Participant: 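Here it is: the structure, laid out below.
Proteins get letters first, then strands, A, B, ... in listed order; numbering begins at 1 in each. The model shown is predicted, which means the values in this text are computed figures rather than measured ones.
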2 protein chains.
Amino acid sequence: MMRLTRRQQEIYDILRSDADIMQRPPTYDELCQRLGLRSRGSLHKHIQALVMAGLVEPMEGKQRGIRLVSAAQQEQGIPMLGRIAAGHPIEAVEQTENISVPDAMAGSKPRYALQVSGDSMIDEGIFDGDYVVIEQSAAADNGDIVVALIDQQETTLKRLEQQPGKIILHPANATMSPMIYKPDQIQIQGILIGLIRYY
Amino acid sequence: MMRLTRRQQEIYDILRSDADIMQRPPTYDELCQRLGLRSRGSLHKHIQALVMAGLVEPMEGKQRGIRLVSAAQQEQGIPMLGRIAAGHPIEAVEQTENISVPDAMAGSKPRYALQVSGDSMIDEGIFDGDYVVIEQSAAADNGDIVVALIDQQETTLKRLEQQPGKIILHPANATMSPMIYKPDQIQIQGILIGLIRYY
DNA sequence: TTGTTTGTTCTCCTGTTGTTCTCTATTCTA
DNA sequence: TAGAATAGAGAACAACAGGAGAACAAACAA
């Protein structure tokens, strides 16, 4: 979880411990008074930091909108967006749920998980049912395994080879052939950085 | 690992033992006061040494950034015992460190992680360098992938087949053959329940 | 509706804090 | 004994945390 500064921690403790506040969220001015602040703008920065840290719900302009995020739904892990299969768009799961990953896979840049469907990368040790952790990125190096959107339609997980004037997507399966596209047909959506499998 | 000097050890002990510090990392000035130092610059050198030694997280300029590495890891994760290779005993790591795993892999029963060495399970998608999560168990079902101790000497990761009077360990590599043992030659040490790979 | 409250955004300012230097003293070692 | 390692002091700097206040728009109340 993100590190809180002294003031952020202080505010969070007040929000969490004060019974009145739990019943009826305070306005910024009320909180300011309690904290000895004279500027709402200053408080707003702190509240925003708590929202970023996932401890307070975003309040979208509502008045008295400071609401704590319940412990159960506090963000941990990375979002699991759906299944990815060669030849089909990402099958989004109806309700985006988070899955837990090793700390080292939860970096600072936006990342998400997909469940692999199909055997097109089996020679790389990526099996049907495995979870892959993807770092969002529009660019990748040759040799990276990427999530690629083809013709704005299909999404697939393949090894990338960029050449002048063409892009080649290499499956890792002896029964499949590389696919060649024009650069404007392919959009890179992310780079494979981790894999998780349950037995 | 690097050896700590007297002062470094002293600072590390304070960081590790003080409950207040565990809750809220101190500023340099606070630590200086506690140590009887008058110069932040002096303390900074020691903290840097601890960062180099891997005992303290790098803090990238953030205030109150002194965080123990082990503190975060001690609470969660499972012990990483060493490398496992077909044909050799587990190569124990000098200092048992914990690695973070998805919550679902950290069950209630004792579990540990090993890093895979070699290609003997490559056809099962278990590659050299992968981490496998093992649940300690002396028994397993046919078809399970297990950590097996052979003749009290070698440890290996293989798929298990138990038959009356013999135990067969199946590698998953077209270039290797199954190995057949008498039941008293084999001790099952754990069952594979998860796999983690970093790219 | 109208006026007030309230959340949001912005710029500017201040003191704190981590970092990087150089310089000095002490201890240990070849 | 000379040199290296360890330890500290202090200055100077840049990044950071925290705050003030103005201006604005959305939300709310009368």
Participant: Side chain to side chain donor-acceptor pair (under 3.5 Å), that's the test. Do Asn173(A) and Thr175(A) meet it? Break it down for me.
Facilitator: CA-CA 5 Å; Asn173(A) 185 321; Thr175(A) 69; 2.9 Å; yes
Participant: Just the rounded figure in Å: distance from P of dT9(C) to CG of Leu43(A).
Facilitator: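 Result: 14 Å.
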Participant: Find which nucleotide of DNA chain C each of Asp29(B) and Thr27(A) is nearest to by heavy atoms, and output the residue with the more 5' nucleotide.
Facilitator: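 Counting from the 5' end, the first nearest nucleotide belongs to Thr27(A).
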Participant: Calculate the interatomic distance between Ile11(B) atom CD1 and dG8(D) atom C1'; express it in whole Å.
Facilitator: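 Going from Ile11(B) (CD1) to dG8(D) (C1'), I get 11 Å.
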Participant: Between Ser39(B) and Gly41(A), name the one whose nearest nucleotide on DNA chain D is closer to the 5' end.
Facilitator: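 On the 5' side of the pair lies Ser39(B).
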Participant: For Tyr131(A), check ring pair (Phe, Tyr, Trp, His ring centres under 6.0 Å) against everything at least two apart and list the hits.
Facilitator: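 Testing Tyr131(A) for ring pair (Phe, Tyr, Trp, His ring centres under 6.0 Å), a comparison that skips the adjacent residues, returns none.
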Participant: Gln48(A) CD to dT8(C) P: how many Å, rounded?
Facilitator: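 Distance, rounded to whole Å: 6 Å.
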Participant: Show me the side-chain donor-acceptor pairs of residues 190-199 of chain B shorter than 3.5 Å, one per line, residues at least two apart or across chains.
Facilitator:
{"unit_1": "Arg197(B)", "atom_1": "NE", "unit_2": "Asp130(B)", "atom_2": "OD1", "d": "2.9"}
{"unit_1": "Arg197(B)", "atom_1": "NE", "unit_2": "Asp130(B)", "atom_2": "OD2", "d": "3.1"}
{"unit_1": "Arg197(B)", "atom_1": "NH1", "unit_2": "Glu124(A)", "atom_2": "O", "d": "3.1"}
{"unit_1": "Arg197(B)", "atom_1": "NH1", "unit_2": "Gly125(A)", "atom_2": "O", "d": "3.2"}
{"unit_1": "Arg197(B)", "atom_1": "NH1", "unit_2": "Tyr199(B)", "atom_2": "OH", "d": "2.9"}
{"unit_1": "Arg197(B)", "atom_1": "NH2", "unit_2": "Gly125(A)", "atom_2": "O", "d": "3.2"}
{"unit_1": "Arg197(B)", "atom_1": "NH2", "unit_2": "Gly125(B)", "atom_2": "O", "d": "2.8"}
{"unit_1": "Arg197(B)", "atom_1": "NH2", "unit_2": "Asp130(B)", "atom_2": "OD2", "d": "3.1"}

Participant: If you only use heavy atoms from C-beta on, which nucleotide in dG19(D), dA7(D), dT19(C) is closest to the side chain of His46(A)?
Facilitator: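 Selected nucleotide: dG19(D).
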Participant: From the options dG18(D), dT6(C), dA7(D), select the nucleotide whose nearest atom is closest to the side chain of Arg6(A).
Facilitator: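 Nearest listed nucleotide: dG18(D).
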Participant: Starting at NZ of Lys45(A) and ending at P of dG19(D), how long is that distance when rounded to a whole Å?
Facilitator: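 Between P of dG19(D) and NZ of Lys45(A): 9 Å.
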Participant: Please evaluate the base of dA20(D) for a donor-acceptor partner in the side chain of Ser42(A) within a cut-off of under 3.5 Å?
Facilitator: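 Result: at least one qualifying N/O pair found.
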Participant: So, Gln163(A) versus Glu161(A): side-chain donor-acceptor pair below 3.5 Å or not?
Facilitator: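 Side chains of Gln163(A) and Glu161(A): pair found under 3.5 Å.
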Participant: To the nearest angstrom, how far is Tyr28(A) atom OH from dA25(D) atom P?
Facilitator: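 Whole-Å distance recorded here is 19 Å.
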Participant: Nearest-Å distance, CG (Leu4(A)) to C1' (dG18(D))?
Facilitator: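 About 15 Å, once rounded to whole Å.
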Participant: The side chain of Leu37(A) is closest to which nucleotide in this list: dG18(D), dG19(D), dT17(C)?
Facilitator: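 Nucleotide nearest to Leu37(A)'s side chain: dG19(D).
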Participant: Please report the distance, rounded to the nearest Å, between CD in Gln33(A) and P in dT5(C).
Facilitator: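 One finds 14 Å between P of dT5(C) and CD of Gln33(A), rounded.
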Participant: Check the phosphate of dG7(C) against His44(A), side-chain N and O only, distance under 4.0 Å to OP1 or OP2. Yes or no?
Facilitator: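 His44(A) to dG7(C) OP1/OP2: no side-chain N or O under 4.0 Å.
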Participant: Which listed nucleotide (dA9(D), dG19(D), dT19(C)) is nearest to the side chain of Arg38(B)?
Facilitator: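 Among the listed nucleotides, the one closest to the side chain of Arg38(B) is dA9(D).
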Participant: Quick check on dT17(C): is either OP1 or OP2 less than 4.0 Å from any side-chain nitrogen or oxygen of Arg40(B)?
Facilitator: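 Arg40(B) to dT17(C) OP1/OP2: no side-chain N or O under 4.0 Å.
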Participant: Tell me yes or no: between the side chains of Gln9(B) and Asp13(B), is some donor less than 3.5 Å from an acceptor?
Facilitator: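 Yes - a donor-acceptor pair under 3.5 Å links their side chains.
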Participant: Whole angstroms only, please: what is the CD1-P distance between Ile47(A) and dG7(C)?
Facilitator: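 For the pair Ile47(A) CD1 and dG7(C) P, the rounded distance is 10 Å.
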